[in-house]
Amino acid sequence: RRQSFVMENLGGSYADSKLAQIMFSSALARRLKPNVVSLSLHPAIANTGLTRDLQASAALKFLMENVFMRIGRAVGFTQSAEDAPKTQIH
């Protein structure tokens, strides 16, 4: 069982699912015709409520939701839930 100290199993499971998406996209690309492209995109870090049920201290939740996400938004590191999918629209 993989488990991250801060985020329960979210870190391990989420990372595993992202790796699986990249590996699938790569395998698909090898099987497609040369003029077809398979991409694996990371939309962004967005405040979507994914951690709302996180069993962490109130202080850590406050920091994540009110400090880290806001600073990340201010410096362009995170996006709103509405803007994050726009990465995939081209």
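Heavy atoms only: backbone and side chains are in, while hydrogens, waters and symmetry mates are out.
The other residues sharing a hydrophobic cluster with L19 are M23, where clustering joins ILVMFWY side chains under 4.5 Å apart.
By the rule that hydrophobic residues join a cluster once side-chain heavy atoms approach within less than 4.5 Å of another member, L28 and V36 end up as members of one cluster. Cluster annotation: I71 is connected to F68 through the hydrophobic network of ILVMFWY side chains, with a link wherever side-chain heavy atoms come within less than 4.5 Å.
Residues meeting the side-chain hydrogen bond (donor to acceptor under 3.5 Å, both in side chains) test with S40, sequence neighbours left out: none. With sequence neighbours excluded, the residues that form a side chain to side chain contact (heavy atoms under 4.5 Å, CB included) with A27 are R30, R31.
Shortest non-hydrogen contact noted between L32 and S38 is CD1-CB, 4.0 Å.
Once rounded to the nearest 0.5 Å, the distance linking OG of S26 with CG of L39 reads 11.5 Å.
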